[in-house]
Amino acid sequence: MSYLVRNLPRHADETVTVTGWIAAVRVHARVAFLVLRDGTGTVQGVLVKSQLPTDVWELATSLTQEACVALTGVVRPDPRAPGGHELTVSSVALIGASEEYPIQPKEHGVEFLLDHRHLWLRSSLQRAGLRVRAEVEQAIHDFFYERDFVRIDTPILTGSIGESAGTLFETDYFGERAFLAQTGQLYAECACPAFRKVYCFGPTFRAEKSKTRRHLTEFWMIEPEVAFNDSNDNMDLQEDFVCSIVARAVERCGPELELLERDPVRLETVKPPFPRISYSEAVERLNDEGRAFEWGRDLGAVEETTISSWFDRPVFVYNYPKGAKAFYMKENPDDPRTVLCNDLLAPEGAGEIIGGSQREDDLDRLLARIREEDLPEEAYNWYLDLRRYGTFPHSGFGLGLERTVGWITGRPHIRELVPFPRLINRLSP
RNA sequence: UCCCGCGUAGCUCAGCUGGUAGAGCAGACGGCUGUUAACCGUCGGGUCGCAGGUUCGAGUCCUGCCGCGGGAGCCA
């Protein structure tokens with residue numbers, strides 16, 4: 001029977017077999033150490049030459065990095081072992097050999113690592129980051145499930161466009177133009193009258209030629225949509241949501257965050273309420289601080305960093321100028337120059353992790369906006385039907401999974417927080 | 001698309017004002033009872049991104065191209 005490394009402390013002094021991959025081999029004249037990783041943890045196997053048959057010693061000392069093996073031996077507590085327990089090995093079986101494993105336990109360049117992403121996944125920091133991602137994904141589903149949201153899977157191949165045509169990946173669909181979805185929002189909105197509270201969670205695609213630590217061409221986005229929520233309700237939901245998933249990561253991913261050297265104090269301050277500052281207030285304060293900024297322009301990366309530096313937790317910036325935002329956002333009745341929307345800026349330079357808004361629910365205003373932006377009206381016909389048959393106030397937002405996990409883990413580049421990143425210039429592995 | 005930086009051994013890098021190629025790691029072999037990215041010794045390993053140019057002589061200087069990284073814009 002095979003045991004999991006995670007459970008070994010419960011089997012002290014028993015003879016067990018563990019299976020996994022060799023992380024390190026250290027051979028001396030009369031003693032050797034094998035470090036084995038099995039996906040649940042790592043354990044050090046100790047081999048004493050004088051106590052082993054020659055063939056076992058020969059096999060064990062010829063093992064190479066990432067060879068797949070089964071080790072049988074007695075579990076012993078030992079303060080010299082990482083993890084407190086080690087395995088005094090009595091036999092070794094080679095399951096899969098590994099010759100000249102490319103990734104060494106030392107520094108490598110980004111390009112080399114990304115070329116070997118299929119192997120890089122085995123490295124400790126990568127495992128930690130991806131485990132946090134998986135926990136956050138589960139936390140997201142749990143959050144919405146517990147609040148009676150219905151998950152709606154929206155299409156990835158679409159014939160219509162989301163926000164702006166310049167950033168779509170185009171493909172051929174039996175002779176017709178098709179695009180990879182850059183948002184599921186318009187579809188989620190349609191499901192709203194069916195279920196009242198819905199969300200979608202899937203990959204989205206942007207053909208932006210961005211080369212920064214915050215951009216992927218394929219990223220995962222969570223987009224809730226709630227009937228009868230106004231813009232303030234929308235921000236309340238975002239606040240609850242973000243606090244919930246951060247708390248879950250802190251609660252369940254302690255060892256991973258420690259390995260990633262993430263200061264838990266920076267995450268424990270993520271509690272409601274988040275500060276809320278209107279776009280206009282933010283512009284005023286930027287100007288007061290001597291950072292000349294003209295009302296009407298969209299906030300750039302520099303401005304966002306400045307604004308988030310004013311606070312110790314994520315900050316909402318709401319009600320941007322109409323010209324800076326998408327056509328489907330509802331005009332602000334108190335200031336028609338602006339729309340009812342918000343971004344959520346994460347601290348520590350992590351930047352924008354959420355964009356949300358109350359949607360325009362008036363048919364004529366929405367049509368006018370589509371024409372203003374020179375968008376193809378026919379493509380939005382089905383979307384406009386939503387305003388023809390029982391239109392209703394509703395709001396939603398999109399949270400970028402990789403940016404959020406990047407902020408939670410404190411990793412410098414979000415490409416590490418997705419198993420196989422798709423970047424400009426990178427389509428494989 | 002624009003701005004800045006980088007490209008030398010399998011990997012990470014050094015190589016000064018131009019003088020003819022180096023280290024560590026990895027690999028192979030040898031040594032060492034307890035290592036934590038073990039350590040010590042020996043050996044093999046190069047189209048200095050590509051193409052031109054300047055020069056007696058270019059890894060080094062100049063031009064163009066290619067690739068990569070960071071940033072801007074745009075966005076999550």
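Chain letters run A, B, ... following the sequence lines, proteins first, then strands; residues in each count from 1. Just so we're clear, the structure is a prediction, and the values are computed from it rather than from any experiment.
- When only modelled atom types and interatomic distance are considered, A/Ser357 and A/Arg359 share a side-chain donor-acceptor pair under 3.5 Å.
- Between the base of B/U12 and the side chain of A/Gln104 there is no donor-acceptor pair shorter than 3.5 Å.
- Remark: the separation of the P atoms in B/G71 and B/G27 is 34 Å, to the nearest Å.
- Rounded to a whole Å, the OH atom of A/Tyr320 is 12 Å from the C1' atom of B/A76.
- With a cut-off of 3.5 Å on both Watson-Crick or G-U wobble distances, the partner of B/C2 is given as B/G71.
- Pairing for B/U35 is absent, judged as Watson-Crick or G-U wobble with the two contacts each under 3.5 Å.
- Centroid-to-centroid, the aromatic rings of A/Phe327 and A/Tyr380 come within less than 6.0 Å.
- At a threshold of 4.0 angstrom between heavy atoms, the contacts of A/Gly351 with the nucleic acid are absent.
- When the C1' atom is compared between B/G7 and B/U47, the two are found 15 Å apart, to the nearest whole Å.
- Applying the 3.5 Å distance criterion, the base of B/G73 shares a donor-acceptor pair with the side chain of A/Ser210.
- The pair A/Asp78-A/Arg76 does not count as a salt bridge, with every side-chain nitrogen at least 4.0 angstrom from each carboxylate oxygen.
- Residue A/His108 is classed as a sugar-phosphate contact, given heavy-atom separations below 4.0 Å to backbone atoms only.
- Counting non-hydrogen atoms under 4.0 angstrom, A/Ala301 reaches the backbone sugars and phosphates but no base.
- If you take atom P in B/G45 and the same atom in B/A23, they sit 13 Å apart, rounded to whole Å.
- Going from the C1' atom of B/G67 to that of B/A51 covers 15 Å, rounded to whole Å.
- Among the atoms of the strands shown, none is found under 4.0 Å from any heavy atom of A/Gln51.
- With rounding to whole Å, A/Glu208 atom CD is found 10 Å from B/G73 atom C1'.
- With the nearest nucleotide of RNA chain B identified for both A/Glu111 and A/Lys209, A/Lys209 has the one nearer the 5' end.
- As judged by a 4.0 angstrom heavy-atom cut-off over every strand, A/Ile354 is placed among residues touching the sugar-phosphate backbone only.
- The base-pairing partner of B/A21, taking Watson-Crick or G-U wobble contacts with both distances under 3.5 Å, does not exist among the strands shown.
- Checked against B/U33, B/A76, B/G34, the side chain of A/Arg30 finds its nearest nucleotide in B/U33.
- Straight-line distance from the NZ atom of A/Lys211 to the P atom of B/A72: 13 Å, rounded to whole Å.
- Atom CD of A/Glu402 and atom P of B/C75 are 19 Å apart (whole Å).
- A centroid separation of less than 6.0 Å is found between the aromatic rings of A/His108 and A/Phe112.
- For B/A28 and B/A21, the C1' atoms lie 23 Å apart once the distance is rounded to whole Å.
- A donor-acceptor contact under 3.5 Å links the side chain of A/Arg403 to the base of B/C75.
- Using a 4.0 Å heavy-atom criterion, one finds that A/His116 contacts no nucleic acid atom at all.
- Base pairing of B/G27 is made with B/C43, judged by Watson-Crick or G-U wobble geometry with both donor-acceptor distances under 3.5 Å.
- To the nearest whole angstrom, the two C1' atoms, one in B/U8 and one in B/A58, are 14 Å apart.
- Counting non-hydrogen atoms under 4.0 angstrom, A/Val302 reaches nothing in the nucleic acid.
- Here B/U1 presents its P atom at 17 Å from NE2 of A/His215, a figure rounded to the nearest Å.
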Fill in: From CA spacing to verdict: side chain to side chain contact (heavy atoms under 4.5 Å, CB included), A/Asn234, A/Val226
CA-CA 8 Å; A/Asn234 196 31; A/Val226 181; over 6 Å; no
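- Across all strands shown, A/Arg297 has no heavy atoms under 4.0 Å from either base or sugar-phosphate atoms.
- The CZ atom of A/Phe112 sits 13 Å away from the P atom of B/A9 (whole-angstrom rounding).
- Between A/Arg214 and B/G73 there is no side-chain N or O to OP1 or OP2 distance below 4.0 Å.
- Proximity note for A/Asp78 (side chain, C-beta onward) versus B/A76, B/G34, B/U33: the nearest is B/G34.
- Annotation: cation-pi pair A/Arg147/A/Phe143 present, NZ/CZ under 6.0 Å from the ring centroid and within 45° of its normal.
- Of the nucleotides present, none pairs with B/A14 by Watson-Crick or G-U wobble criteria with both distances under 3.5 Å.
- As judged by a 4.0 angstrom heavy-atom cut-off over every strand, A/Gln44 is placed among the base-contacting residues.
- One atom, CD of A/Glu58, and another, P of B/C29, lie 11 Å apart when rounded to the nearest Å.
- Atom CZ of A/Arg213 and atom P of B/G5 are 19 Å apart (whole Å).
- Side-chain atoms of A/Arg262 come within 3.5 Å of backbone N or O of A/Trp407 as a donor-acceptor pair.
- A stacked arrangement is not assigned to A/Phe33 and the six-membered base ring of B/G34, the conditions of a centre distance below 5.5 Å and an interplanar angle below 30° not being jointly met.
- At the phosphate of B/G67, neither OP1 nor OP2 sits under 4.0 Å from any side-chain N or O atom of A/Asn425.
- Using a 4.0 Å cut-off between charged nitrogen and carboxylate oxygen, A/Glu66 and A/Arg37 count as a salt-bridge pair.
- The pairing partner recorded for B/G7 is B/C66, the criterion being a Watson-Crick or G-U wobble arrangement whose two distances lie under 3.5 angstrom.
- As rounded to the nearest Å, B/C13 and B/U1 have P atoms that lie 27 Å from one another.
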